[in-house]
Each structure stands twice: as structure tokens, then as C-alpha cells.
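Okay, so here's the structure we're looking at.
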Amino acid sequence: MNLPNKITIFRLSMVPVLLATAMIPFSYHWSVTLVVYFLACMSDKVDGFIARKNGLVTDFGKLMDPLSDKSLVMTAFIIMVWLGYCDIVCFSLMLAREFLVSGIRMIACTKGKVIAANAFGKAKTFLQMSSTGLIFLSLAISEGPQINFDILHIVAKVLFWIACVVSVLSGLKYTKDGWYLIESK
């Protein structure tokens, strides 16, 4: 297994760590949660950079990189719903998009094809990671001296909905681009 694929597995293994640091209260647990989330998100950029730079792009990476991103980001959104920062409708639409695109990718695999992430999907992931990261940042900062970060929460909620719209549009694009796989016999 090459280095980019190991980094992808690392990101996937950070999902239960993220959940534990967010849900189990201890001193500065939001700061730890922020660091865990930041490292996991940055690993997405690192594995892609290394894979492309060194010609290490594999079918495993094309399939597992987006799945590990989905697992990480959807876990962060579950935490956001649990905390009351993300509307359940917004989360449900994003989750439905993830299942739709994953289904199309599975169909492609059965036909010997791999559908890699496109620019629209990457923008969606960036927006999702940024919006959830902002909330983790505000929670980590609020562990220190009591400062009012209401504006950051408002900005994050707006970003959640922007990420939701981009997610839905991205899902429609993947469906349009992969429809021939569904139609073919």
C-alpha cells in the first residue's frame, strides 16, 4: 500500500476519534476536537498532492479517498446536528447526495470503471469542511475566556446551507455524468 493510500486510511481512522473527542466532555475537548478535525481534513490535501506529484494515483485511492472524506464530514455534521448548529433538513439533503454518488460509484465499479471526484465535488467537500471547522474553532475558542462568537455561528449556519446547495448541485452533476452507467444493460 502506497503512502497516499495509508494517509487515506489514517483519515478514515480519525472518524471515531473525532466523535469521541466531541462527545466525551473533558478539559479542552473542543480544542482537541478541532486539532483532530484539522489534521484529518489536511490529510485529504496531503494524500492527493503526494499521489498526483509522484504518480501514485490508484483505483483504491480514487474510491476510498472520497469515501473517507464523506465519513469524516458526515460525522462532523452529525455532531453539528447534535449540537443544534445544523438543520436536520440540510444534513439529510447532504447525506442523500452522498448515498446517491456512492451508489453511482458502486455501479461504475461493477462495470470496471472508477469515477473520481470532480471539481464540483471537491468544492462541496471544501465548503463542508470549512463550515464545520468554523464551529469547532468557535467551540474551542469559547473554552477560554468567555467571548461572544454569535457572528461566527451565524456565518457557519449560512455556510452549511451554501454547502448543502453545492452538495445537491454536485449530486445532480454526478447523476447526469453517470446516468449512462445506470441506463446501460
Side-chain angles (χ1 to χ4, degrees), residues 7-48 64-103 105 117 119-174:
I7 294 170
T8 296
I9 297 298
F10 162 79
R11 184 166 52 265
L12 194 57
S13 72
M14 295 306 287
V15 169
V17 176
L18 176 69
L19 198 56
T21 60
M23 311 267 303
I24 301 170
F26 56 89
S27 295
Y28 296 100
H29 78 103
W30 290 119
S31 296
V32 174
T33 301
L34 175 63
V35 170
V36 166
Y37 191 61
F38 179 77
L39 290 174
C41 289
M42 289 292 85
S43 75
D44 182 35
K45 295 295 171 209
V46 172
D47 70 359
M64 289 307 297
D65 182 71
L67 287 177
S68 64
D69 292 345
K70 290 175 198 319
S71 298
L72 177 68
V73 171
M74 288 299 114
T75 299
F77 271 102
I78 288 169
I79 295 165
M80 296 300 124
V81 169
W82 174 64
L83 294 171
Y85 291 118
C86 182
D87 186 277
I88 192 71
V89 173
C90 178
F91 171 73
S92 297
L93 288 170
M94 288 189 282
L95 187 62
R97 180 263 182 214
E98 300 304 344
F99 280 112
L100 173 68
V101 172
S102 294
R105 283 191 169 121
F120 218 171
K122 290 179 183 187
K124 177 247 352 155
T125 300
F126 172 78
L127 285 168
Q128 289 176 330
M129 288 179 174
S130 299
S131 58
T132 50
L134 274 174
I135 290 293
F136 288 139
L137 175 63
S138 68
L139 291 168
I141 291 170
S142 70
E143 288 178 321
Q146 294 305 310
I147 302 170
N148 188 344
F149 285 95
D150 290 340
I151 189 68
L152 191 56
H153 294 170
I154 292 168
V155 169
K157 284 186 179 189
V158 170
L159 282 176
F160 287 161
W161 278 104
I162 292 170
C164 180
V165 169
V166 172
S167 294
V168 169
L169 293 173
S170 168
L172 293 172
K173 171 101 172 93
Y174 276 101

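The minimum heavy-atom distance linking Leu127 with Ala163 is given by the pair CB-CB, 3.9 Å. Closest approach of Ser167 to Lys124, counting heavy atoms only: OG-CG, 3.0 Å. Among all heavy-atom pairs drawn from Leu139 and Tyr85, the shortest one is CD2-OH, 3.7 Å. Nearest heavy atom pair, residue Leu159 against residue Ser131, reads CB-CB, 3.5 Å. Nearest heavy atom pair, residue Arg97 against residue Gly121, reads NH2-CA, 4.0 Å. Of all the heavy atoms in Ser68 and Thr8, the pair that sits closest is OG-CG2, 3.5 Å.
The CG atom of Leu100 lies 11.5 Å from the CG atom of Leu95; values are rounded to the nearest 0.5 Å. Taking SG of Cys164 as the start and CG of Leu93 as the end, the distance is 4.5 Å to the nearest 0.5 Å. Here the NZ atom belonging to Lys70 is positioned 8.5 Å from the CD atom belonging to Gln128, to the nearest 0.5 angstrom. Note that CZ of Phe77 and OG of Ser92 are 12.0 Å apart. Values are rounded to the nearest 0.5 Å. To the nearest 0.5 Å, the span separating NZ on Lys157 from CG on Asp87 amounts to 8.5 Å. Note that the OG1 atom of Thr75 and the CE atom of Met23 stand 10.5 Å from one another [nearest 0.5 Å].
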- [ ] Walk me through it: do Asp65 and Arg11 pass the test salt bridge (charged side-chain N to carboxylate O under 4.0 Å, His left out)?
- [x] CA-CA 9 Å; Asp65 182 71; Arg11 184 166 52 265; 2.4 Å; yes
Task: Verdict with supporting geometry, Phe10 and Asp47, side chain to side chain contact (heavy atoms under 4.5 Å, CB included) - done: CA-CA 10 Å; Phe10 162 79; Asp47 70 359; over 6 Å; no
- [ ] Let me see the working for Asp69 and Met129 under side chain to side chain contact (heavy atoms under 4.5 Å, CB included), right down to the final yes or no.
- [x] CA-CA 9 Å; Asp69 292 345; Met129 288 179 174; 4.3 Å; yes
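When the shell of 6.0 Å around CZ of Phe126 is examined, it contains 12 or fewer heavy atoms from other residues, nucleotides or ligands.
The shortest distance between side-chain heavy atoms of Leu34 and Tyr28 does not fall below 4.5 Å. You'll find the side chain of His29 stays beyond 4.5 Å of the side chain of Ile24, heavy atoms only. For the pair Trp30/Ser138, no side-chain contact is recorded, criterion being any heavy-atom separation below 4.5 Å from C-beta on. Looking at Met80 and Phe91, their side chains never come closer than 4.5 Å, going by heavy atoms from C-beta outward. Contact of the Arg105 side chain with the Pro66 side chain is registered, since non-hydrogen atoms from C-beta on lie closer than 4.5 Å.
Of the possible polar contacts, none joining the Ser102 side chain to the Phe99 backbone as a donor-acceptor pair under 3.5 Å is found.
Taking the six-membered ring for Trp and the full ring otherwise, the centers of Phe120 and Tyr174 sit at least 6.0 Å from each other.
Under the side-chain contact (heavy atoms from CB on, under 4.5 Å) test applied with Cys41, the options Leu72, Val73, Thr125 reduce to a single match, Leu72.
Every residue meeting the side chain to side chain contact (heavy atoms under 4.5 Å, CB included) condition with Val165, not counting sequence neighbours, appears here in chain and number order: Leu169. Residues forming a side-chain hydrogen bond (donor to acceptor under 3.5 Å, both in side chains) with Lys45 (at least two apart in sequence, or on another chain): none. With sequence neighbours left out, Ala76 forms a side chain to side chain contact (heavy atoms under 4.5 Å, CB included) with Leu18, Tyr37, Thr132, Phe136.
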